[in-house]
Amino acid sequence: MFFSSFLSPSSLTSLLILILCIVGVDFVSTTQTKIGQGYKLISIEKSQDGGLIGLLQVKEKNNIYGLDIPHLKLYVKHETNNRLRIHITDAEEQRWEVPYNLLQRNTPPSLKQNVGGKSRKNLFSSVAAESEYFGNELIFNYKNDPFSFSVKRKSNGEILFNSSFDDSDSYNNLVFKDQYLEISTKLPQNASLYGLGENTQPHGIKIYPNDPYTLYTTDQPAINLNMDLYGSHPMYMDLRNVNGVANAHVVLLLNSNGMDVFYKGDSLTYKVIGGVLDFYFFSGPTPLDVVDQYTSFIGRPAPMPYWSFGFHQCRWGYHNLSVIEDVVENYNKAKIPLDVIWNDDDHMDGKKDFTLNPVNYPRPNLLAFLDKIRARGMKYIVIVDPGISVNNTYGVYQRGIANDVFIKYEGKPYLAQVWPGAVNFPDFLNPKTVEWWGDEIRRFHELVPVDGLWIDMNEISNFCSGLCTIPEGRICPTGTGPGWICCLDCKNITNTRWDDPPYKINASGIQAPIGYKTIATSAVHYNGVKEYDAHSIYGFSQSIATHKALQGLEGKRPFILSRSTFVGSGHYAAHWTGDNRGTWDDLRYSISTVLNFGLFGVPMVGADICGFYPAPTEELCNRWIEVGAFYPFSRDHANYYSPRQELYQWESVAESARIALGMRYKLLPYFYTLNYDAHTTGAPIARPLFFSFPTLPELYDVSTQFLVGSSVMVSPVLDQGKTEVKALFPPGTWYNLFDMTQAIVTKDLHYLTLDAPLNVVNVHVYQNTIIPMQRGGMISKEARTTPFTLVVTLPSGTNGIEAKGNLFLDDDELPEMKLGNGHSTYIDFHATASNGTVKLWSEVQESKFALDKGWFIEKVIVLGTNGTDEAFEINIDGQPIEDASRVKYSTTEHKYIDNLDDEVDKRKSMMMDIHGLELPLGKNFVVSWKM
C-alpha cells in the first residue's frame, strides 16, 4: 500500500517538486564535475591469505563534495575459481559496510595485520608501473599512477572492467571522500547489461543508455518509471557476443548507501554517498553460470513450500471475515484454482500489527474458517508493517519499549507515522530486537496460526518527514480522511551532513532529500549506526528476523513476502513488484521486473495480477491472468478504492483463469522442481530467452516473452484489442503446450504471428525436453496426489537425439530442501531416439519418499516421433513387467503452423500418447519401442 498511489506519476512529481522548492531544496546540475587527479598506488604486497594488499595516496586534494580521504587500503583476492574481490576503503578509519553477520563473507585483512610491527615507510619497495595478479578464470591488472585497475577474462583476454581514465572521458578518476565515492568502467558498445534495480524499466529488461539508475529503497509505487523503488540491487550482468561466442559476467558493488549509476553506452559510473568500494566479479561464462556463482555468494534462494506455487488471492479492503469466506466460496463455485487467501490490514485492530479486529474478524469465527479451508489444503497469510503503534495500552509497543528495540533520534525512539498513526520502527540490527520480534510473531501465531507473513512498507515508509511530535489537542489520524496524510507536528532536519549530504542522489527522480517520507537519515541504529548508511538494508534485516521467527515456530518451511529487498534477500523471502496500475503498459513492464529479480537471486516473484489500482478493464484482466499464471509467484491483489477484481467477477476472465491456471496446476511438479534448482544453483524460475539461447544477440532485449525454466516459452498478448501475437522463435522445434499436435519448426530465428483469441495464451515447449506434469486440480494439495504424465519433446522427425528432464519431490513442510533426509526423491529422466528405436528411462535417487507416497506415471506423451510398430518393452528396476497388455497408445500426426523449415514436409512426425502405464516414480524404469 502506498499513500500516493492515487496520484499520477506526473502529478506526484509536480507535487514533490513544489514541496521541495518550498523547503529550499537545491537542484544541482547533472553536468559532470571534474574532481581531482585520483590516487597513486604507493605500496603493494602479498597478503597473508594469498591476496594482494596495497596503499593508495591521493594525488591532489580538493573539497568538492567534501575532503578527500588521504590514504586508502586496497585488497584484492581471488576468492574462488570464478570470483574476484576488489575492496577499497579508508586506510586509517573503519567505515560502514553491509554488516558481515547479515551477509556473510570474509573480512579483509588490515594493513596492520599484514605489516606486523614494521612501519609502512620501511615495508614497501617501489611499485611497478603495471602488474597482474592471476586467478583460474580472471586476471586483476593495475596501473599505479594514477591508480586504476582492470579485470580480464583469462580464457580470451577480454576486459570485463576497466577503471582507467583519459582526459577525453566524461567521468573522473577514482574519487573517495567520506560522503562521495566515484569510480567508472569503460565498456564496449556490444555489451548488453541487465540488473541495477529495483526500478520499472520502460525499454525492457536491458539497461538503457542515459536512463537514470538510482539505488535507494523508497516507498515509490512501481508506476513511476526509471526511479528508485522498493529494493536496492547494485549488481549488473554483462552479456557480450563476439563472432557468435557469448560470454556473461556479473559485477556486484556491495554497498548499501544511496547511489546513482550512470550508463552511457561506452562507460558506467558509480556515484555513491558513503560506505566502501567492495566489488565482486563473477566470471560465468554463461548466464546460468553467473547466477549460480552470484547466489553461491549472496545466499541461495529460499526453498518455497509447494502450496506457494498455487494461486493466491488478496485485496486491501476485505472489511470482514464474511467477505473472504465469500471470496473462497466464489472461487470454488467458478472452478478457478485457489490455494491461499490473504488479508491486508483489514483483520487488524486499529491497523496495529499482531492484533485482530474483535468485531470484523472475531477470533473464534476466524479460527473456524481456518479449520475449514485447511481441511481442503488452503493457507492463510496476513500483512505486517514495521511501524509499531505508539500506544501505552498496546502490548507489542509496551514490550518493545521495555526491550529498547526501536531506532533512536537524540536518544529517544524516532517518531513517524504510518497506518495506525504515530509509530516507532524496530531496529533489526539490534539482536534484542530480533528476539523481541520473534516473540511477537510467536504470540500472534498462538492467536492466529497464519501460514506465512507479508512484510510491507519496509523501505522504510513514513507518511511524515523530519523530526515529529504527537500533536496536542487533536486526534491523529482523524479516521475520516486518507490515512496517508501526515498529521504529526513535524519540522525539517537539515542541520546535519547526514540529512543534507553534499552530493544529491537522484532520489524519486527529482533529487528529493534522502530523508523525505522515510526515517531521518541522522537517526541512529544499534551500536551507533546511522540510518544514512543502513537505510537500504532495513527490509533485508527484517526478512532475516522474520525468517528466523517463522522457522522457530513449528520447524516448518517459512513463506515470507517482502516489498523491500537488498542483495541476499532472496535467501529469506519472496517479492512482489509493488503498487502497479491496471494498465497495458504495467502488464508489459511486469515481465521485465520479474525477470530482473531472477538475476537478483529472488526467483519467487510476481506482479499484482490485473493491477493494484485503478480498475482494470475486463480485457486487460483476461490477458493479465494469462501472463500471471506463469509468474513464479501468482497473486491477484487490488487497492482499497478499486472495484472488486477477483478472477470470477467476469465470466470471460474466469474462463481465461480456468485455462491458464489449469495449465499452471498441471505444471506444478515442473515449477516445484525449478524451485529446487533455484535453491541449489540459483537458476531463475522465470528467465529471459537468452538464458537458453545465449549465442543469439537478437534475443538480448526480448522483454515481451519469457521462459519458465529452460524450455517452456510464454508468448502473451500485451496490447489492447489484439487477437494475435507476434512471437519470436529460436531455431528448433516448438510444441504448443495446450495442443501438442501443433508444432513450429524453424532452422533460423524467426518471428511468427500466432492466433490468440481472448481466452488463449500461447505457451510452447522446446525440443529435447522432458516435462513432468500431473492432472491438475482446484488446489495444489489435491493436484499433488494425482498420477504423473511425462511429456517428451524430440526434434521433429529426427534421429540420433536425446531429451532430458528432472523431478524433485519432498515433504515441503520441512525447512530444508535437500536429498538425504529420508523425505525427498530426485529423478532424472532421459530419452533417446536413434537407429530406429526410442528409449525412455529414469534414474532415481532416494526412492523411499516417492514409493511411500505411491506416486506413479500413468502416461507418456512423446512429441516428434515417427510412430511405433506396437512392440513395447517395459522394465521396472531391471525386470520386465508381467502384463503389458494394459498399455495402449494412440498417434496423431503433427500439424505444422506456418512451416518454416522446408525439410519438415519430407518427414512425417507424430504425437504418440502411451497410456495405461503404472510406472512407480520411486523405481528405475525403461520403456522402449521401435519406430
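Both backbone and side-chain heavy atoms feed into the values below; hydrogens, waters and symmetry mates do not.
Taking the ring pair (Phe, Tyr, Trp, His ring centres under 6.0 Å) definition, one finds that Phe559 meets it with Trp307, sequence neighbours left out. Here Asp636 pairs with nothing under the salt bridge (charged side-chain N to carboxylate O under 4.0 Å, His left out) rule; sequence neighbours left out. Every ring pair (Phe, Tyr, Trp, His ring centres under 6.0 Å) that Phe428 has, sequence neighbours left out, goes to Trp437, Tyr538. For Asp178, the salt bridge (charged side-chain N to carboxylate O under 4.0 Å, His left out) test picks out Arg95, Arg497, with sequence neighbours left out. With sequence neighbours excluded, the residues that form a side chain to side chain contact (heavy atoms under 4.5 Å, CB included) with Ala629 are Ala660, Leu661. A search for side chain to side chain contact (heavy atoms under 4.5 Å, CB included) contacts involving Thr521 returns Tyr216, Asp499, Ile514, Glu531, Tyr532, not counting sequence neighbours. In this structure, the side chain to side chain contact (heavy atoms under 4.5 Å, CB included) partners of Pro202, at least two apart in sequence or on a different chain, are Leu225, Asn226, Tyr589. In this structure His547 satisfies the ring pair (Phe, Tyr, Trp, His ring centres under 6.0 Å) test together with Tyr572, sequence neighbours excluded. Scanning for side chain to side chain contact (heavy atoms under 4.5 Å, CB included) contacts around Asp289 gives Pro285, Thr286, Gln293, with sequence neighbours left out. In this structure, Asp427 has no salt bridge (charged side-chain N to carboxylate O under 4.0 Å, His left out) partners at least two apart in sequence or on a different chain. Partners of Phe282 according to the ring pair (Phe, Tyr, Trp, His ring centres under 6.0 Å) rule, which considers only residues two or more places apart in sequence or in another chain, are Tyr294.
Residues Asn190 and Asn241 fail the side-chain proximity criterion, which asks for heavy atoms closer than 4.5 Å.
For the salt bridge (charged side-chain N to carboxylate O under 4.0 Å, His left out) condition, the pairs that include at least one residue of residues 225-239, sequence neighbours left out, are Asp238-Arg240.
Shown are Leu229, Ile455, Asp385, Asp456; of these, the side-chain contact (heavy atoms from CB on, under 4.5 Å) with Arg563 is made only by Asp456. Each of Tyr263, Phe279, Tyr503 was compared with Tyr270 under the ring pair (Phe, Tyr, Trp, His ring centres under 6.0 Å) criterion, and only Phe279 meets it.
For NZ of Lys548, the number of neighbouring non-hydrogen atoms (other residues, nucleotides, ligands) closer than 6.0 Å is 12 at most.
The aromatic rings of Trp342 and Trp454 lie perpendicular to each other, with more than 60° between the two planes, well past the 30° mark.
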